[in-house]
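Throughout, protein chains are lettered first and strands after them, A, B, ... in sequence-line order, and every chain is numbered starting at 1. Predicted, not measured: the structure shown is a model, and the values here were computed from it.
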Protein chains: 2
Amino acid sequence: MKNRIREMRKAIGLSQEDLASGCDVSRQTINAIENNKYDPSLLLAFRLAEQLRCRVDELFIYQDNPEAQQD
Amino acid sequence: MKNRIREMRKAIGLSQEDLASGCDVSRQTINAIENNKYDPSLLLAFRLAEQLRCRVDELFIYQDNPEAQQD
DNA sequence: AAGATATGTCAAATACTTTTGACATTTTGT
DNA sequence: ACAAAATGTCAAAAGTATTTGACATATCTT
C-alpha cells in the first residue's frame with residue numbers, strides 16, 4: 001500500500017529519526033515503511049497519522065486490486 | 001485498540017462469515033478482532049472500513065496511553 | 001424440540017511486522 | 001573538501017496477525 005509519509009514528514013521538517021521517536025519505533029521501521037518494504041501495524045498507522053497531523057486514510061492510499069495480495 | 005466492527009456489522013445486517021468473505025479473510029479472524037484478541041493489519045482495517053462503509057478512523061478508536069503497550 | 005445458522009474458542013503452522021546492531025551511501029552545512 | 005547528519009540496507013531474533021480444522025455453545029426458525 002502506498003503512503004505519503006515521506007512527503008508529509010518533510011513538510012513538517014522532521015527526520016526519519018524524529019518521526020521514529022515520536023511514534024516510539026525504530027528509525028529502520030520508519031525507513032522500511034517509507035520505502036514500501038511492508039505496511040505498518042494499525043497502531044503504528046494511527047501514531048504516524050497523529051505525528052503527521054492527518055488522518056490514517058489521508059496518509060495511506062488504499063487501492064485494493066480485488067482479491068490480489070499486496071506488495 | 002477498541003473498534004465498532006460488531007456494531008456496524010450488525011447495523012448492515014451481516015454475519016461474521018459475510019464480513020469475512022467480503023474482506024477475504026477467515027471467520028475466525030473477524031471474530032478475534034471483534035473480541036479484541038488482536039488488531040487487524042492495516043490492509044484489513046481498510047477492507048473492513050470499505051465493507052462497513054466508513055473510514056478507518058471511524059471504525060477504530062485510537063487512544064494511545066502514551067508509551068504503554070496496547071492489549 | 002429439533003435443525004439450522006451464528007458465534008466463541010483452541011492449537012499449530014505460516015506469514016508479516018518490528019527490533020537491534022552494524023555498516024554503506026547520500027545529502028547538508030561550513 | 002571535509003565533517004556531520006540523514007538515509008539505505010542487511011541479517012537474525014522476537015513479537016504479532018492470519019489460517020485451517022475442529023468442536024462447543026448460543027441464537028434463531030419452524
Worksheet item: What does A/S41 touch in the nucleic acid at a heavy-atom separation under 4.0 angstrom: a base, only the sugar-phosphate, or nothing?
Response: sugar-phosphate
Fill in: Distance, nearest 0.5 Å, that separates OH of B/Y62 from CG of A/L43
6.5 Å
Worksheet item: Starting at CG of B/L19 and ending at P of C/dT7, how long is that distance when rounded to a whole Å?
Response: 10 Å
Worksheet item: The side chain of B/V25 lies closest to which of these nucleotides: C/dT17, D/dG8, D/dT19?
Response: D/dT19
Worksheet entry | Polar side-chain atom of A/R9 near backbone of A/L14 as donor-acceptor pair, under 3.5 Å | yes
Fill in: Per B/K37 side chain, nearest of listed nucleotides C/dT7, C/dT9, D/dT7
C/dT9
Worksheet item: Taking only side-chain nitrogens and oxygens of B/N35, does any of them come within less than 4.0 Å of OP1 or OP2 of C/dT7?
Response: no
Item to complete: Using atom CG of A/N36 as one end and atom C1' of C/dT18 as the other, report the distance to the nearest whole Å.
Response: 17 Å
Worksheet item: Rounded to the nearest Å, what distance is computed from the CG atom of residue B/L44 to the P atom of nucleotide C/dT17?
Response: 12 Å
Worksheet entry | A/T29 vs C/dT18: side-chain N/O to OP1/OP2 distance below 4.0 Å | no
Response to the item:
Separation between CZ (A/R53) and CD1 (A/I12), nearest 0.5 Å, reads 4.5 Å
Response to the item:
Nearest-nucleotide check on DNA chain C, B/A32 vs B/D18; residue mapping nearer the 5' end is B/D18
Discussion item. Rounded at 0.5 Å granularity, tell me how far CG in A/D64 sits from CZ in B/R47.
Written reply: 4.0 Å
Worksheet item: More than 12 foreign heavy atoms under 6.0 Å from CZ of B/R4: is that the case here?
Response: no
Worksheet, complete the sentence: Atom CG of B/D39 and atom C1' of C/dT18 are separated, to the nearest Å, by 15 Å
Discussion item. Quick check against the 3.5 Å criterion: does A/N35 have a side-chain atom that pairs as donor or acceptor with the backbone of A/N31?
Written reply: yes
Worksheet item: A/S15 side chain N/O closer than 4.0 Å to the phosphate oxygens (OP1, OP2) of D/dA5?
Response: no
Worksheet entry | Separation between CG of A/L59 and CD of A/Q51, rounded to the nearest 0.5 Å | 11.5 Å
Discussion item. Looking at D/dG8, I'd like to know if its phosphate oxygens (OP1 or OP2) sit under 4.0 Å from a side-chain N or O belonging to A/N31.
Written reply: yes
Fill in: Whole-Å distance separating the OH atom of B/Y38 from the P atom of C/dA11
15 Å
Practice prompt. Establish, with yes or no, whether the OP1 or OP2 oxygen of C/dA6 is under 4.0 angstrom from a side-chain nitrogen or oxygen of B/R9.
Written response: no
Fill in: Between P of D/dT16 and CD1 of B/I33, the distance in whole Å
15 Å
Practice prompt. Could you check how far CD1 of B/I30 sits from C1' of D/dT18, rounded to whole Å?
Written response: 11 Å
Practice prompt. Spell out protein contact along nucleotides 21-30 of chain C as letters: B when the base is contacted, S when just the sugar-phosphate is, - when no protein heavy atom is under 4.0 Å; keep the 5' to 3' order.
Written response: BB--------
Worksheet entry | Nearest-0.5 Å distance, CG of residue A/L19 to CD1 of residue A/I30 | 4.0 Å
Worksheet item: Are OP1 or OP2 of C/dA6 and a side-chain N or O of B/R6 less than 4.0 angstrom apart?
Response: no
Worksheet item: Given atom CD of B/E34 and atom P of D/dT18, what is their separation to the nearest angstrom?
Response: 14 Å
